[in-house]
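Since the structure comes first, as structure tokens, the remarks are kept for the end.
Heavy-atom basis, side chains included; hydrogens, waters and symmetry copies ignored. Bear in mind the structure is a predicted one, so any value in this text is a computation, not a measurement.
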Amino acid sequence: MSGQRITFSARPRPSLCMTLRDLLFDVLRTLWAHKLRAFLTMFGIAWGIVSIVLMVAAGEGLRKGQAEQARNLGKDVMIVFHGRTSLQAGGTHAGRDVHWNDDDVPVVQAESPDCEYAIPELEQNTVRTHSNYNNAALTVTGSYPPFGYIRSLDVGFGRFYDWDDMREARRVAFLGSDAAKQLFPGRNPVGDTVYLNDFPYTVIGVMAKKKQDSSYDGWDVNKVFLPFAAMRRDFPDKPPGTDTTFDQLIVTPKSVEQHEACKREVRVALARMHRYDPRDKEACPIWDTVQEAQAFKTMTDGMKFFLGAVGIVTLLLGGIGVMNVMLVAVRERTREIGVRKAIGAPARTILRQFFIEALIIASLSGAVGLGVAFGFCALVNMLPMPDFFAGLIPSWSSGLTAAGLLGAIAVGAALYPARRAASIDPIEALRYEAGG
């Protein structure tokens, strides 16, 4: 017995804190002894981390891409079209055509305190358009100067028309990027002349190239933009419209939170001016891009939560795998545990050893998963993306959330095997034969 004591005393006392090297050695030994099971367990945990990070990144990329496309159409814009009444009101019958006219604009602006802008837009798509170099079939549209800001018509070079152009009804034109290329191939059109139904208009600016996946009247890159006063004089509304009517009202709220109030105020003001029921949405159809953006955000959030839940389930399964590996390790190292307890190792030391081993296995798997997820996102984002998708946008918040879940699962997975190892009776353990 004394020889045996000398042999054990040559090793560090089990009651002392084990060194990191000893812990890593035990972890590697456990993983090597159960290679297939350990690989599947670590793969499951890593895949759970990858799933959470990638799904959240994909949802964020889709949301950001769609938000960018919505901004290209306009900044929280609502398009108020004229329609036909479907309800009787004030002694008038249903089925009456409604047309917005110039007198409506100041009334809507005055009676809609939650709206920032309410401006008219008048369009023509039958205007003969040509320059000294080429002809083109383009949409010609006129509005107020804030139209450029509202509709995200960024200036590539030159300028957008201003209030001086508007007051003096100047014949100046701002060209969409593709319209400029078609009318003035290989030339700078600023300062040159474009002819609209033979009316000469001086080009004052060209729009920067922009991507657009939705529209109510065609792509902005293929349009000619005029001051509303010049548009009204040279290209009035087509029948059954009159020389005071226009096609649609462009409205923006002062904030996203005020957009419902703004929309309601516009409906009420127009209904009073045109004597129809303000609840009649057929008389005043509105394309609400703010509401669409909110609905899309709700959809992408739901998708992220669902796919994140799938990742959490995968992590839970990985945690069960860690627990199984550690239980097998406890069973196969029963005799070793008995020897350590027999020479004085307290139960908390055995508990700590297996607890830390399980945490190391889970942490290694999680680190591999985070590395793979962020690396994959970086590689994918090097590829060209479709207009509606901004790429995989991983966030550290999702990574830290996944790591926190992994830590909680690892603690739960390690607790039972560690307690079982610590509760082993040393006498019974010394009698244990592996595989028996």
Note, Val56 side chain near Pro394 side chain (heavy atom, < 4.5 Å): no
Full working for side chain to side chain contact (heavy atoms under 4.5 Å, CB included) between Val290 and Val256: CA-CA 7 Å; Val290 180; Val256 173; 3.9 Å; yes
Donor on one side chain, acceptor on other, Asp76 and His259, under 3.5 Å: no
Residues in side-chain contact (heavy atoms from CB on, under 4.5 Å) contact with Lys209, at least two apart in sequence or another chain: Ser177, Asp178
From Leu122 atom CG to Met231 atom CE, the distance as rounded to the nearest 0.5 Å: 4.5 Å
Non-neighbouring partners of Phe225 that pass ring pair (Phe, Tyr, Trp, His ring centres under 6.0 Å), sequence neighbours left out: none
Residue pair Leu270 / Val80, side-chain heavy-atom distance below 4.5 Å: yes
Gly83 versus Pro285, closest heavy-atom pair with distance: N-CD, 4.1 Å
Distance-minimising heavy-atom pair for Arg96 and Arg275: NH2-O, 2.8 Å
Residues which pass salt bridge (charged side-chain N to carboxylate O under 4.0 Å, His left out) with Asp154, listed by chain and number, not counting sequence neighbours: none
Value rounded to 0.5 Å, distance of CG in Asp97 from NE2 in His82: 8.5 Å
Shortest non-hydrogen contact from Tyr276 toward Arg267: OH-O, 4.2 Å
Residue pairs involving residues 110-120 (criterion side chain to side chain donor-acceptor pair (under 3.5 Å); sequence neighbours excluded): Glu111-Arg272, Asp114-Gln258
Nearest-0.5 Å distance that lies between atom CG in Asp192 and atom OG in Ser131: 7.0 Å
Separation between CD1 of Ile79 and OG1 of Thr289, rounded to the nearest 0.5 Å: 7.0 Å
Criterion side chain to side chain contact (heavy atoms under 4.5 Å, CB included) on Phe228 and Met166, from CA distance to verdict: CA-CA 7 Å; Phe228 187 79; Met166 175 77 178; 3.6 Å; yes
Closest contact, heavy atoms only, Ala173 versus Val194: CB-CG1, 4.1 Å
Pairs where residues 270-302 contributes a residue and the test disulfide bond (SG atoms under 2.5 Å apart) is met, not counting sequence neighbours: none
Phe246 and Asp102, any side-chain heavy atoms less than 4.5 Å apart: yes
Ionic contact status for Lys210 with Asp220, cut-off 4.0 Å: yes
CG-CZ distance between Leu87 and Arg279, expressed to the nearest 0.5 angstrom: 7.0 Å
Beyond-backbone contact of Val251 with Val77, side-chain heavy atoms, under 4.5 angstrom: no
Exercise: identify the closest heavy-atom pair between Lys263 and Asp288: NZ-OD2, 2.9 Å
Side chain to side chain contact (heavy atoms under 4.5 Å, CB included) between Asp104 and His274, intermediate numbers included: CA-CA 9 Å; Asp104 296 336; His274 292 272; 2.6 Å; yes
Donor-acceptor side-chain pairing of Thr244 and Asn101 below 3.5 angstrom: no
Inter- and intrachain pairs under salt bridge (charged side-chain N to carboxylate O under 4.0 Å, His left out), touching residues 155-164, at least two apart: Arg159-Asp162, Arg159-Asp165, Asp164-Arg167
Pairwise distance CG(Asp247) to NE2(His99) - rounded to 0.5 angstrom: 10.0 Å
Pairs under 3.5 angstrom only: tabulate donor-acceptor contacts from the side chains of residues 180-188 to other protein residues two or more places apart or in another chain.
from, atom 1, to, atom 2, distance (Å)
Arg187, NH1, Pro185, O, 3.2
Asn188, OD1, Val190, N, 3.1

Pairs meeting criterion disulfide bond (SG atoms under 2.5 Å apart) with involvement of residues 94-186, two or more places apart: Cys115-Cys262
Worked check of side chain to side chain contact (heavy atoms under 4.5 Å, CB included) between Val224 and Phe174: CA-CA 6 Å; Val224 179; Phe174 181 81; over 6 Å; no
Listed once per pair and sorted, the side chain to side chain donor-acceptor pair (under 3.5 Å) pairs that draw on residues 193-208, sequence neighbours left out: Tyr201-Asp234
Exceeds 12 heavy-atom contacts within 6.0 angstrom, atom CZ of Phe81: yes
Partner set under side-chain contact (heavy atoms from CB on, under 4.5 Å) for Glu168, not counting sequence neighbours: Arg170
Check: Gln124 and Lys238 side chains under 4.5 Å, non-hydrogen atoms: yes
Contact check, side chains of Val98 and Thr85, non-hydrogen atoms, under 4.5 Å: yes
Over all atoms of both residues, closest heavy-atom pair of Ile393 and Gly61: CD1-CA, 3.8 Å
Side chain proximity check, Phe160 to Met207, heavy atoms < 4.5 angstrom: no
Show me the side-chain donor-acceptor pairs of residues 138-147 shorter than 3.5 Å, one per line, residues at least two apart or across chains.
from, atom 1, to, atom 2, distance (Å)
Thr141, OG1, Glu121, OE2, 2.8
Ser143, OG, Pro120, O, 2.5

Pairs satisfying disulfide bond (SG atoms under 2.5 Å apart), at least one member in residues 227-256, at least two apart: none
Minimum side-chain heavy-atom gap Met78-Val266 below 4.5 Å: no
Side-chain donor or acceptor of Arg171 paired with backbone N/O of Ala230 under 3.5 Å: no
